[in-house]
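The next block holds one structure in the form of structure tokens; read it before the comments.
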Amino acid sequence: MAAPVFNFNVGVLGHIDSGKTSLAKALSTVASTACFDKNPQSKERGITLDLGFSSFVVPMPDQLKTAGSEMQITLVDCPGHASLIKTIIGGAQIIDLMMLVIDITKGMQTQTAECLVIGEILCDHMIVILNKTDLLPSGKKQQSIEKITKKIQNTLRAMSFENVPVVSVAARPGGADALDSETAEGIGELIETLRRHAYMPCRDSAGDFVFAVDHCFSIRGQGTIITGTVLHGCVSVNGSIEIPALQETRKVNAAVFVTFIAFFSTKDGSTEKLSAVDFSQDYLHQDELIDGKPTQGEDALSIPAVQFALLEFEHPVTCVKDSIVIGSRLDADIHLNTCRLAFYGRILKAISTKNYAETLLPSLKVYKNKTREGIAERAQDEFTVISRSLFKKESNLEGFVGLKVVLSSGEEGVIEGGFGQSGKFKVRVSNGLKPETLAQLSVKKRSKSKAAEAAKDDVDVSVEKQPIAIILSFKRYVYDPHKKMMQN
């Protein structure tokens, strides 16, 4: 029995027409049925529309000698057109290393930047390929390569891809109209760079069998053929697999060599890797995702290190825990020079029950901070304040009785109950009012005639002080069906 082949997945990403498929073709010795734009629609439009898979075998690099004598490099050729970003993301999540292909005559383009962001989220290893070097003027070729290499390295320095190797190639000298007999340039150097940067990925064969489907077709006499990538787990002939989208279970008649891939956790800024949602913890509600990275100083206090999102889909989506989710603004104009990737994160909990809004969400303690403000009208005694303007006339005060309030003069009190039928209420200040507060709330307003007489007799009339505010602060849990108010 032949020894298992060590496989290493390399994604080929970049802007449309940067020469990704030509590069994959120049490298590969084994081609799948869907690679190199064999799809009739791809040929008609002249662009890659789906993931293409091909491979080649190289001697095992020194750092991986214990894994065998040969290494198979599987290339995942991703589309470059902006409208196919979902397919690009699908290809990027099953790779161990990314080759970012750049047309050296055009430099960094819109989808180049998007591929960089996708790579930073999903893959920790990258090689930059400067393609189409044959189109540069021969006299300035090396100078142009050095210039754009320096520019790219400056761009990558601010990301997680600092000091990445940059390799110059001409995957198809002469362009699309050139003869296939033309020999690609720089391929040998690229293969050696791939060997040097290959590593032992983490493959998880434990747990449930999870298989990401790339293509599905039928062959007469063989049945339905499904090709794709094993995310984790294992399967054997005569075993059963479930197809969630069809709600069917089928038997495995035959299995051939498939590839495992590793998942990569997000860099969420916390010191611990989150593995589950803590339902005992309180979470502050946000109206939107707060952009930016925590830094030193006061501004860092307003940016949480970790943010969470509850995502609701129109239709069920099959996923596994710890999968990476990427949110993209697919409705954005693809012709604008903007990145459409909005957010990303890892799945901490998947909800499958239809009535989760009634059964699960009430236990998720997401709260909003609320503040109401009223006015202290008068002091009934040194411990009791009659207040107004916090509630409406028809408000039911039962839920507010016992809640703490703070006077703008500094005292703390508790709502004791209503006062009359106009929405007024009593505040009990257990430690008593300050003398100056008691004096202000005990002064009876002079009539206009007495005030006028005092002014006529040159008697000083003190400037009326600002009214004392009654501030009620509380938090309300968003998913609490009873809408209770809570205070620390």
Side-chain angles (χ1 to χ4, degrees), residues 10-27 37 46-48 52 73 75-82 84-85 87-89 91-92 95 97-138 140-176 178 184-194 196-197 334-335 337-341:
V10 176
V12 188
L13 288 81
H15 194 88
I16 187 171
D17 289 335
S18 58
K20 299 183 298 299
T21 301
S22 296
L23 178 62
K25 194 171 183 179
L27 285 166
D37 299 341
I47 61 173
T48 301
I73 296 180
L75 299 178
V76 184
D77 183 15
C78 299
H81 197 276
L84 301 172
I85 189 169
T87 307
I88 299 170
I89 292 172
I95 62 176
L97 180 145
M98 180 175 79
M99 287 198 303
L100 181 67
V101 183
I102 298 175
D103 182 342
I104 196 168
T105 65
K106 298 178 181 177
M108 296 282 284
Q109 297 173 273
T110 305
Q111 271 63 65
T112 314
E114 284 192 336
C115 289
L116 262 177
V117 176
I118 293 171
E120 190 176 32
I121 296 170
L122 297 172
C123 188
D124 290 340
H125 305 268
M126 183 176 73
I127 296 174
V128 174
I129 312 297
L130 299 180
N131 195 18
K132 303 186 181 182
T133 56
D134 58 299
L135 301 181
L136 296 174
S138 57
K140 298 182 179 180
K141 185 174 182 178
Q142 190 57 37
Q143 183 182 354
S144 300
I145 292 173
E146 292 175 357
K147 182 179 179 181
I148 195 167
T149 297
K150 186 176 180 180
K151 186 176 181 180
I152 289 170
Q153 288 175 337
N154 288 335
T155 301
L156 299 178
R157 194 166 288 121
M159 306 178 72
S160 60
F161 295 121
E162 190 173 2
N163 299 322
V164 300
V166 179
V167 181
S168 303
V169 303
R172 192 181 178 91
E185 300 171 4
I187 298 302
E189 181 187 352
L190 174 56
I191 291 175
E192 287 306 310
T193 304
L194 287 170
R196 286 197 307 272
H197 289 82
I334 62 175
H335 301 293
N337 189 25
T338 56
C339 181
R340 293 166 296 160
L341 303 178

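Heavy-atom basis, side chains included; hydrogens, waters and symmetry copies ignored.
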Can you name the residues that form a side chain to side chain contact (heavy atoms under 4.5 Å, CB included) with Thr193, not counting sequence neighbours?
-> Ile127, Pro165, Val167, Glu189, Arg196, His197
Any heavy-atom pair between the side chains of [Y] and [X] that's under 4.5 Å?
X      : Y      : answer
Met99  : Leu194 : yes
Leu116 : Met108 : yes
Val101 : Val12  : yes
Arg157 : Asn154 : yes
Leu122 : Ile95  : no
Leu156 : Asn163 : no
Leu27  : Val10  : no

Roughly how far, to the nearest 0.5 Å, is the [atom2] atom of [Y] from the [atom1] atom of [X]?
X      : Y      : atom1 : atom2 : value
Ile145 : Lys140 : CD1   : NZ    : 14.5 Å
Ser144 : Lys147 : OG    : NZ    : 7.5 Å
Thr21  : Asp77  : OG1   : CG    : 3.5 Å
Thr149 : Leu130 : OG1   : CG    : 5.0 Å
Leu13  : Glu114 : CG    : CD    : 11.5 Å
Ile129 : Leu23  : CD1   : CG    : 6.0 Å

Between the main-chain N or O of His15 and the side-chain N or O of Lys20, is there a donor-acceptor pair closer than 3.5 Å?
-> yes
Pick out which of Thr112, Val166, Ile148 makes a side-chain contact (heavy atoms from CB on, under 4.5 Å) with Val128.
-> Val166
At their closest point, which heavy atom of [X] faces which heavy atom of [Y], and how far apart are they?
X      : Y      : result
Pro173 : Asp134 : CA-OD2, 3.4 Å
Lys132 : Gly19  : CE-N, 4.3 Å
Leu100 : Gly14  : CD1-CA, 4.3 Å
Ala184 : Ala26  : CB-CB, 4.0 Å

Given side-chain hydrogen bond (donor to acceptor under 3.5 Å, both in side chains), test Ser18 with Asn131 step by step and report yes or no.
-> CA-CA 7 Å; Ser18 58; Asn131 195 18; over 6 Å; no
Count the heavy atoms belonging to other residues, nucleotides or ligands that lie under 6.0 Å from CD of Gln143, then report whether that count exceeds 12.
-> no
